[in-house]
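Chain identifiers are assigned alphabetically (A, B, ...) following the order of the sequence lines, protein sequences preceding nucleic acid strands; residue numbering begins at 1 within each chain. Nothing here was measured: the structure is a model prediction, and the numbers come from that model. We use all heavy atoms of the structure for the numbers below, so side chains are in, but hydrogens, waters and symmetry mates are not.
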2 protein chains.
Amino acid sequence: MDKLSDICQKLHKLDYKVTPQRRVILRTFMEHATKHLSAEDVYNIVKQKHPDIGLATVYRTLDLLSEIDILHKINFGDGPSRYELCQHKSHHHHHMICLQCGKVEEFDADLLESLEKQLTNKTGFQVVNHQLKFFGYCKKCLQK
Amino acid sequence: MDKLSDICQKLHKLDYKVTPQRRVILRTFMEHATKHLSAEDVYNIVKQKHPDIGLATVYRTLDLLSEIDILHKINFGDGPSRYELCQHKSHHHHHMICLQCGKVEEFDADLLESLEKQLTNKTGFQVVNHQLKFFGYCKKCLQK
DNA sequence: TTTCATGCAAAGGTTTTGCATACGC
DNA sequence: GCGTATGCAAAACCTTTGCATGAAA
């Protein structure tokens, strides 16, 4: 979908500088597209090839990238906030969190459009995004 | 719905002690049923009539009550976790978070049952609860 | 050359923990 | 009386901030 160069262009257009740190953090998300990384996760991955990076820079970059809708910030209720690339699908992609083992799986579906319309009609609230989490037990844990 | 005495009975049955602190924290939620209280909120309210209570006790009580499904823990992405009484409706009650003013409103609907069934069929994940948040702009902010 | 980004260290906010004491049962 | 719950203070954990330096445009 979005390539690194596309995202750098977006940064440019918005008058943000394209620094090596921002580049390497973005690349980290592309190389771990299926995972939900915390700031600490990103920091540890990036430090291997870029040992001088600071944790504060990671936080600032994640904030920035969330602000401009490149990353999506989620909190699963275990400690830290986690981030994933937005990509186009993200609006219809939800999380299943296993209460036993803590694993987070993903599920794509869009049955919320009609619910959103109903909500706007009733309340006047204009929806721009939603977040849906399912809590329960994953297949593996059920088999035990 | 659930009265204080019912909840105390539940504590009893599970071999937890019914202390004045637990009682007063529960009463706080009953008296602020429409709000989403953080640990600090609860602490400040309770301290007015019970100045010796400790913040750690509040945290431990909120944890306990969430564990046994009396309270429901939510994180709206602004600092602290917040809590509300579960009550029976809570499974079909969702939150609308205004990106402008930060106000949290509630919306009741149950269109997720069919989605949950579909999810279980496809993935084998057994759902016990869900959490749905809508982000957008509230009526008041739209009018400005 | 100007301005924004970075690294470091310190501070801030939220939550958890250890331990001696107090209290429900 | 036994064992859990409490209060306090300290620590742990996650995140933000101030400031001097460094690098992108």
Side-chain angles (χ1 to χ4, degrees), chain A residues 4-5 7-26 28 36-68 70-71 73-83 102, chain B residues 4-5 7-26 28 36-68 70-71 73-83 102:
Chain A
L4 186 55
S5 57
I7 298 178
C8 291
Q9 251 181 13
K10 181 166 185 176
L11 283 172
H12 217 115
K13 229 179 263 177
L14 294 168
D15 273 328
Y16 294 112
K17 289 177 180 164
V18 177
T19 65
Q21 289 89 337
R22 289 177 178 172
R23 234 188 259 275
V24 75
I25 287 171
L26 276 167
T28 300
H36 308 98
L37 303 173
S38 67
E40 192 95 29
D41 292 340
V42 173
Y43 179 61
N44 287 325
I45 294 170
V46 166
K47 237 187 0 186
Q48 289 171 25
K49 298 206 169 176
H50 206 292
D52 290 342
I53 199 167
L55 182 54
T57 299
V58 173
Y59 273 104
R60 283 187 282 232
T61 302
L62 297 180
D63 262 17
L64 168 62
L65 295 175
S66 301
E67 202 67 43
I68 63 175
I70 303 279
L71 292 180
K73 183 177 183 176
I74 339 162
N75 192 304
F76 291 128
D78 67 328
S81 292
R82 298 178 173 280
Y83 299 81
Chain B
L4 185 55
S5 57
I7 297 178
C8 291
Q9 249 181 14
K10 181 165 186 179
L11 284 173
H12 216 115
K13 228 178 265 177
L14 294 169
D15 272 328
Y16 294 113
K17 290 179 181 163
V18 177
T19 65
Q21 290 88 340
R22 288 176 178 172
R23 232 189 261 277
V24 74
I25 287 171
L26 276 167
T28 301
H36 308 98
L37 303 174
S38 67
E40 191 94 29
D41 292 339
V42 173
Y43 180 59
N44 287 326
I45 293 170
V46 166
K47 238 187 357 187
Q48 290 171 24
K49 299 205 169 176
H50 207 292
D52 289 343
I53 201 167
L55 183 53
T57 298
V58 174
Y59 274 104
R60 284 187 281 232
T61 302
L62 298 179
D63 263 18
L64 169 62
L65 295 175
S66 302
E67 203 67 42
I68 63 176
I70 304 277
L71 291 181
K73 183 177 183 176
I74 341 160
N75 192 304
F76 291 128
D78 67 328
S81 292
R82 296 177 176 280
Y83 300 80

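The phosphate of D:dT16 (OP1 or OP2) has no side-chain N or O of A:Tyr59 nearer than 4.0 angstrom. Contact check, B:Thr57 against D:dA5: no side-chain N or O comes under 4.0 Å of OP1 or OP2.
In this structure, NZ of B:Lys73 is placed 14 Å from P of C:dT14, rounded to the nearest angstrom. In this structure, A:Lys17 atom NZ and C:dT6 atom C1' are separated by 11 Å, rounded to whole Å. Remark: C1' of C:dT6 and OH of A:Tyr43 are 13 Å apart, rounded to the nearest angstrom. Separating the NE2 atom of B:His50 from the P atom of C:dA22 is a distance of 16 Å, rounded to the nearest angstrom. Rounding to whole angstrom units, CG of residue B:Asp41 and P of C:dG13 are separated by 15 Å. In this structure, CZ of B:Phe76 is placed 17 Å from C1' of C:dT14, rounded to the nearest angstrom. Rounded to a whole Å, the CZ atom of A:Arg82 is 9 Å from the P atom of D:dC14. We find that CG of B:Asp63 is positioned 15 Å from C1' of D:dT6, with the value rounded to whole Å.
Across D:dA5, D:dT6, D:dA25, the shortest atom-to-atom separation from the side chain of A:Val18 is found for D:dA25. Distances were taken from every side-chain heavy atom of A:Ala39 (C-beta onward) to each of D:dT15, D:dA25, D:dA5; the shortest belongs to D:dT15. Taking only side-chain atoms of A:Thr19, from C-beta outward, the nucleotide of C:dT15, C:dA5, D:dC14 with the closest atom is C:dA5. Residue B:Ala56 places its side chain closer to D:dA9 than to any other of C:dG24, D:dA9, C:dC4.
The environment of B:His12 atom NE2 is sparse: at most 12 non-hydrogen atoms of other residues, nucleotides or ligands sit within 6.0 angstrom. Heavy-atom neighbours of B:Phe76 CZ from other residues, nucleotides or ligands within 6.0 Å: above the threshold of 12.
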Quiz item: Could you walk me through whether A:Ile53 and A:Ile25 pass the side-chain contact (heavy atoms from CB on, under 4.5 Å) check?
Solution: CA-CA 10 Å; A:Ile53 199 167; A:Ile25 287 171; 4.3 Å; yes
Practice problem: Dump the intermediate steps for side-chain contact (heavy atoms from CB on, under 4.5 Å) on B:Lys10 and B:Ile70, then the final yes or no. | Solution: CA-CA 9 Å; B:Lys10 181 165 186 179; B:Ile70 304 277; 3.8 Å; yes
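Using a 4.0 Å heavy-atom cutoff across all strands shown, A:Arg60 reaches at least one base atom of the nucleic acid. Within 4.0 Å of A:Ser38, counting heavy atoms only, lies no atom of the nucleic acid at all. When heavy atoms are screened at a 4.0 angstrom cut-off, A:Gln21 is found touching the sugar-phosphate backbone but no base atom. Heavy atoms of B:Asp52 sit under 4.0 angstrom from primed sugar atoms or phosphate atoms, though from no base atom.
Each of B:Asn75 and A:Thr61 lies near DNA chain C, and the nucleotide nearest A:Thr61 is the one positioned closer to the 5' end.
A:Ser38 and A:Asp41 form a side-chain donor-acceptor contact under 3.5 Å, judged by distance and modelled atom types alone.
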